[in-house]
Amino acid sequence: MSDDTQQPIVVKRIKKGGAEGHGGAWKIAYADFVTAMMAFFMLMWLLGSTTQGDLLGIANFFQNPLKVSMAGGSGSGDSSSVIKGGGKDLTASHGQVKAGDIEAPKKIINLQKLKAEFEKAEQAKLAGLKGDLETLIDANPTLRQFKNQLLLDLTSEGLRIQIVDEKNRPMFDLASSEVKPYTRVILREIGKTLNKVENHISLSGHTDATPFAGGARDFSNWELSTNRANASRRELIAGGMLDTKVMRVVGLASTVLFDKQDSYNPINRRISIVIMNKRTEDAILADGKVVEVENAEGLEDGVLGSRAAAPAAH
């Protein structure tokens with residue numbers, strides 16, 4: 001007979017391991033999230049690519065959809081609707097217009113007017129420089145005694161400064177390009193003032209009709225006037241003027257007389273400094289022609305003598 005008091009012993013052993021899987025519910029949630037984000041970005045793209053007029057029409061449709069369905073058009077304020085008006089101002093009678101259909105206002109630039117205004121301002125600037133030079137001459141005791149030899153005037157080319165000879169007070173030694181000491185002072189004082197404007201300058205040397213009697217072969221008033229113009233250029237630069245301001249240096253001999261009645265008058269011997277306006281500068285740059293020059297043998301400065309025809313403005 002078996003003993004009922006003895007019960008079998010059951011041993012439960014629990015194995016600890018990783019957590020059980022949660023199934024595929026997270027995939028559904030992630031897919032819903034991605035779909036929502038895609039719908040959001042598509043909505044942003046549609047709003048950004050829709051014209052302002054269409055947006056107003058859509059807004060008006062949701063406010064009063066029956067009106068659009070009966071009257072037609074893309075919106076209650078569309079200009080194609082039977083009932084006009086709508087848009088931003090519901091009391092308007094012309095109807096809404098798409099932003100892309102509005103032409104940009106045309107801006108007309110009057111070049112002639114702008115050019116005239118620029119030339120007027122430039123003329124005023126040169127006139128101011130003329131006043132500064134006249135003040136400088138009156139204030140400088142050295143320059144004041146040569147006031148009769150300094151002629152300033154405004155021409156079609158710009159501001160012209162002419163330094164002329166007097167019978168007993170020449171600017172250069174006879175038949176030479178050697179600058180007199182007082183001429184050097186005049187040119188250097190002028191050179192300091194020319195940097196006040198951005199305009200370039202033109203230098204011209206002139207002689208009277210007396211033939212050159214220096215004895216050098218093939219040397220004439222053409223070479224002499226050119227050398228004197230170049231010597232004046234060096235003195236202006238020594239006075240402080242930028243060398244880049246010089247655009248043209250020419251010798252005109254006696255072709256452009258100051259005193260047309262007396263070609264031997266000493267006043268015809270002069271240096272002409274023209275502070276050129278923009279129009280004159282452009283004319284020189286646009287010419288594009290090679291200036292005819294010939295080599296002057298025996299020149300102390302090695303400068304080429306120009307035989308170009310003299311402009312009437314000098």
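- Here the side chains of Phe258 and Gln162 are in contact, with some heavy-atom distance below 4.5 Å.
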**Study point:** Worked verdict on Asp282 versus Lys278 for salt bridge (charged side-chain N to carboxylate O under 4.0 Å, His left out)
**Key:** CA-CA 6 Å; Asp282 291 343; Lys278 183 65 175 176; 3.7 Å; yes

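- Side-chain atoms of Thr35 come within 3.5 Å of backbone N or O of Ala31 as a donor-acceptor pair.
- Residues Leu159 and Ile273 form no side-chain contact, since every pair of their non-hydrogen atoms from C-beta on lies 4.5 Å or further apart.
- A donor-acceptor contact shorter than 3.5 Å is absent between the side chain of Asp173 and the backbone of Ser176.
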Practice item. Might you work through the salt bridge (charged side-chain N to carboxylate O under 4.0 Å, His left out) test for Glu189 and Lys192, ending with a clear yes or no? Key: CA-CA 5 Å; Glu189 289 295 329; Lys192 296 177 183 178; 3.6 Å; yes

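- A heavy-atom distance below 4.5 Å is not found between the side chains of Thr226 and Val250.
- Considering only heavy atoms from C-beta on, Ile190 comes within 4.5 Å of Ile163 through its side chain.
- Counting heavy-atom neighbours within 6.0 Å of Arg279 CZ, excluding the residue itself, gives a total of 12 or less.
- A donor-acceptor pair under 3.5 Å is absent between the side-chain atoms of Glu119 and the main chain of Ala116, judged by distance alone.
- When atom types are taken as modelled, the side chain of Glu166 and the backbone of Ile267 share no donor-acceptor pair closer than 3.5 angstrom.
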Give every donor-acceptor pair under 3.5 Å between a side-chain atom in residues 236-247 and any protein atom, sequence neighbours left out.
residue, atom, partner, partner atom, Å
Lys245, NZ, Val197, O, 2.7
Lys245, NZ, Asn199, O, 2.8

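- Salt-bridge check for Asp165 with Arg270: failed, with every basic side-chain N at 4.0 Å or more from each acidic carboxylate O.
- Although no hydrogens or angles enter the test, the distance criterion places no donor-acceptor pair under 3.5 Å between the side chain of Ser254 and the main chain of Ala209.
- Residues Asp259 and Asn265 have side chains that bring a donor and an acceptor to within less than 3.5 angstrom of each other.
- In this structure, Lys147 pairs ionically with Asp138, as a charged nitrogen and a carboxylate oxygen lie closer than 4.0 Å.
- Of the possible polar contacts, none joining the Arg234 side chain to the Ser232 backbone as a donor-acceptor pair under 3.5 Å is found.
- Atom CG of Leu46 has more than 12 neighbouring heavy atoms from other residues, nucleotides or ligands inside a 6.0 Å radius.
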